[in-house]
Amino acid sequence: MASMADKTLSLLPLSRVKTIMKSSPDVSSISQEALFTTGKATELFIQALARFSLEQSKDTSNLQYCDLAEVVNSEVTLQFLQDIIPRKIKAKEYLKLLKKEEEEEA
């Protein structure tokens, strides 16, 4: 079982992780070990994503949203995040895309 010292090793608030895990209808109960392991795995994934995005960016001293979005949209293994971290586009460009889709449908 995860001790109190282990719980402080997680940077993510485990109560939030638990809330997100419980939002799934398939989950009825969550052990402390599963909660800690999921929180730590999530934390490590976020660190790896940030590190990889920083390596791929033009400015290696700052990480910006556009760097994350570019990596998520260009890497096949990260495609599951495309809805969460989309590329930013201007409203004018989006309206043009909508108009083009409507014309194609008609």
Side-chain angles (χ1 to χ4, degrees):
M1 186 165 176
S3 67
M4 286 302 287
D6 290 340
K7 290 180 184 177
T8 60
L9 294 176
S10 178
L11 297 176
L12 295 176
L14 294 180
S15 61
R16 293 279 179 120
V17 175
K18 186 174 185 175
T19 301
I20 293 169
M21 290 172 72
K22 284 218 164 218
S23 69
S24 173
D26 299 332
V27 176
S28 59
S29 65
I30 303 165
S31 69
Q32 288 299 314
E33 291 85 6
L35 177 61
F36 179 76
T37 303
T38 302
K40 197 63 177 175
T42 303
E43 181 182 322
L44 293 172
F45 174 75
I46 292 169
Q47 287 176 355
L49 176 62
R51 192 173 294 119
F52 184 66
S53 298
L54 188 61
E55 289 170 0
Q56 301 298 316
S57 72
K58 295 172 186 150
D59 179 12
T60 56
S61 61
N62 284 328
L63 181 62
Q64 297 181 0
Y65 178 88
C66 60
D67 299 326
L68 286 170
E70 189 58 38
V71 166
V72 165
N73 285 283
S74 63
E75 290 295 316
V76 175
T77 57
L78 298 173
Q79 284 183 347
F80 70 98
L81 292 172
Q82 284 181 341
D83 291 339
I84 298 168
I85 309 175
R87 286 188 178 114
K88 284 189 175 182
I89 62 171
K90 295 183 179 180
K92 186 189 296 185
E93 295 169 9
Y94 181 70
L95 291 173
K96 284 181 184 178
L97 287 173
L98 281 178
K99 190 180 251 186
K100 185 178 179 181
E101 283 183 16
E102 287 175 0
E103 289 172 358
E104 288 175 359
E105 289 177 2

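Note: hydrogens, waters and symmetry copies are ignored here, and every other heavy atom, side chains too, is used. Everything numeric in this text was worked out from a predicted model, so none of it was measured. For this chain, numbers begin at 1 and follow the sequence in order.
Leu11 and Leu44 fall into different hydrophobic clusters, where Ile, Leu, Val, Met, Phe, Trp and Tyr side chains are chained together by heavy-atom contacts under 4.5 Å. Taken together through direct or relayed side-chain contacts under 4.5 Å among Ile, Leu, Val, Met, Phe, Trp and Tyr, Val17 and Ile30 form part of one hydrophobic cluster. Side-chain heavy atoms closer than 4.5 Å link hydrophobic residues (I, L, V, M, F, W, Y) into clusters, and following such links, possibly through other members, connects Phe80 to Phe52. In the hydrophobic clustering of ILVMFWY residues, with side-chain heavy atoms under 4.5 Å counting as a link, Leu35 and Ile20 come out apart. Hydrophobic clustering (ILVMFWY, side-chain heavy atoms < 4.5 Å, transitive): Phe45 and Tyr65 are in one cluster.
In this structure, Glu55 and Thr60 have side chains that are not in contact, with every pair of non-hydrogen atoms separated by 4.5 Å or more. Inter-residue side-chain proximity for Ile89 and Leu97 is flagged as met; some heavy-atom pair is nearer than 4.5 Å.
In this structure, Arg87 and Ser74 approach most closely via the heavy-atom pair NH2-N, 4.5 Å. Looking at every heavy atom in both residues, Leu12 comes nearest to Gly39 through CD1-O, 3.7 Å. Here the closest heavy-atom approach between residue Ala69 and residue Pro86 is recorded as CB-O, 3.5 Å. Contact record, Asn62 with Leu54: O-CD1, 3.6 Å, taken as the closest heavy-atom pair. Nearest approach of Ile85 to Asn73, heavy atoms of both residues: O-ND2, 3.6 Å.
Atom CZ of Arg16 is separated from atom OG1 of Thr42 by 14.0 Å, given to the nearest 0.5 angstrom. Atom CD in Glu70 sits 10.0 Å away from atom CD in Glu75 (nearest 0.5 Å). Atom-to-atom distance recorded for Ile84:CD1 and Leu68:CG is 12.0 Å, nearest 0.5 angstrom. Annotation: the span from Leu98 atom CG to Lys100 atom NZ amounts to 12.5 Å, rounded to 0.5 Å. To the nearest 0.5 Å, atoms CD (Glu102) and NZ (Lys99) are separated by 8.5 Å.
Considering only residues two or more places apart in sequence or on other chains, Lys18 meets the salt bridge (charged side-chain N to carboxylate O under 4.0 Å, His left out) condition with none of them.
The pair Lys40-Glu43 meets the salt-bridge criterion, since a charged nitrogen lies less than 4.0 angstrom from a carboxylate oxygen.
No side-chain donor-acceptor contact under 3.5 Å links Ser57 and Asp59.
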